[in-house]
Amino acid sequence: MRIVELQAYVIQLPLRRKIQHASASRTDSQNVLVCCRLADGTTGWGEGVPRDYVTGESAQGAMQQLKETPLAQQLDLECHDWPNVIALCERFHPNQQAPDPRNHRSNALRCAVELSILDAFGRLFGEPISAAIKHLQPQCTIAEARKFIRYSTTITADDVAKERRSAIKMRLYGFQQCKVKVGVNGANDPERVKRLRFWLGSKMDIRLDANEAWSVDKVSEKIEPLLPMRISCLEQPCPHEELNSIPLFKAHWKVPVMLDESLTSLEDAKLATKLGACDLFNIRLSKCGGFVNSIRIAEYAHLNDIGIQLGCHPGETGILSAAGRHWATHIRGIRYLEGSYDRHLLQELPTNEDITFGYGGRAPALHRPGIGVTLDKRVLQRMKIAENRWVWG
Ligand SMILES: [Mg+2]
């Protein structure tokens with residue numbers, strides 16, 4: 001079976017509330033959706049969430065990259081089984097106009113195209129995309145199937161009343177882990193985190209994400225007053241440009257450090273490990289170039305005794321939520337898990353299925369063929385702001 005057509009959409013998704021952190025503030029999300037059609041008419045959907053401050057991508061730029069990529073030449077390959085499909089995904093190399101030393105400037109696009117291919121062939125084979133994991137070469141060493149997983153929650157910077165409402169709601173909802181965004185201009189983080197610890201309760205695992213807000217020599221003075229609130233992890237305290245200096249200061253921070261903006265590819269993972277710049281990686285499917293590449297990064301982390309979080313981008317639709325669910329229910333050793341916020345974050349779901357997590361952040365493994373969600377075409381028509389189609393079969 002061959003791919004005969006690719007369709008790509010840029011969609012604009014209104015969020016239910018403003019998401020604010022140290023690097024950005026947004027009320028909507030522009031995502032790239034890709035539909036892959038096989039010769040027998042089977043279709044699959046993939047998604048990427050390009051963020052310029054993470055991988056230097058934009059939704060319109062991803063569309064342009066697709067236009068400049070010889071798609072038929074790369075994707076017209078006969079596939080009979082998962083090893084063929086994985087090889088096909090690995091042939092996809094979007095055109096690059098600029099040098100890309102971190103190998104990440106098309107990661108969201110790669111993720112969208114790869115997921116659409118995995119989804120289409122998963123539907124054709126009658127198997128979920130997680131079935132592809134056992135066919136990876138070299139073999140995946142961290143595969144482990146689980147029936148249920150638990151997501152953590154996030155509190156973004158907001159006014160006191162809204163933060164209190166969020167914290168109390170999340171505690172009552174039974175979450176066990178909560179990430180708090182810090183480092184936003186004008187916010188008094190020691191007071192905020194103290195209040196949040198009180199509202200979230202003593203049992204909640206609280207970690208912080210500074211989104212590159214602090215310069216590396218200032219992290220000690222910023223984190224010191226927050227430590228009494230029992231912080232389990234500090235995510236991306238300083239800008240990526242200061243990565244080389246982190247090892248000089250890190251021992252004084254007295255809290256495990258997770259990299260996010262500095263961790264977008266296997267090349268990033270290797271550099272951070274060589275430098276000794278972190279204790280954990282925040283892997284996100286879109287940021288890290290897709291389902292398979294994210295597994296490779298997780299395996300590298302495991303081999304080097306580095307913990308992992310599977311994160312997400314606010315504004316992901318059910319496609320990435322479901323793909324993340326397949327990933328998280330089949331990869332072991334995930335310290336923190338984010339995603340499947342769909343109904344809580346999006347004003348309208350473009351997928352027919354709602355796979356938002358349930359009470360306590362609990363969610364089951366998905367077993368339907370492919371990624372396991374379908375698109376509501378009417379919602380897609382309303383949300384789309386650009387569209388392109390390539391047919392070769
Ligand atoms: Mg982050």
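FYI, the numbering just counts along the sequence from 1. Just so you know, ligand 1 is whichever comes first in the structure, and atom 1 is the first atom listed for that ligand. Predicted model, so just to flag it, every value in this text is computed and none were measured.
- Salt-bridge check for Glu191 with Lys194: failed, with every basic side-chain N at 4.0 Å or more from each acidic carboxylate O.
- Taken from CZ in Arg51 to OG1 in Thr264, the straight-line distance is 15.0 Å, to the nearest 0.5 Å.
- Nearest N/O/S atom of Asp260 relative to the Mg ion (ligand 1): this is OD2.
- Closest N/O/S atom of Glu235 to the Mg ion (ligand 1): OE2.
- Counting just the N/O/S atoms of Asp209, the one with the shortest distance to the Mg ion (ligand 1) is named OD2.
- The backbone N or O of His240 sits less than 3.5 Å from a side-chain atom of Glu212, completing a donor-acceptor pair.
- In terms of modelled atom types and a separation under 3.5 Å, the side chain of Asp376 and the main chain of Leu380 share no donor-acceptor contact.
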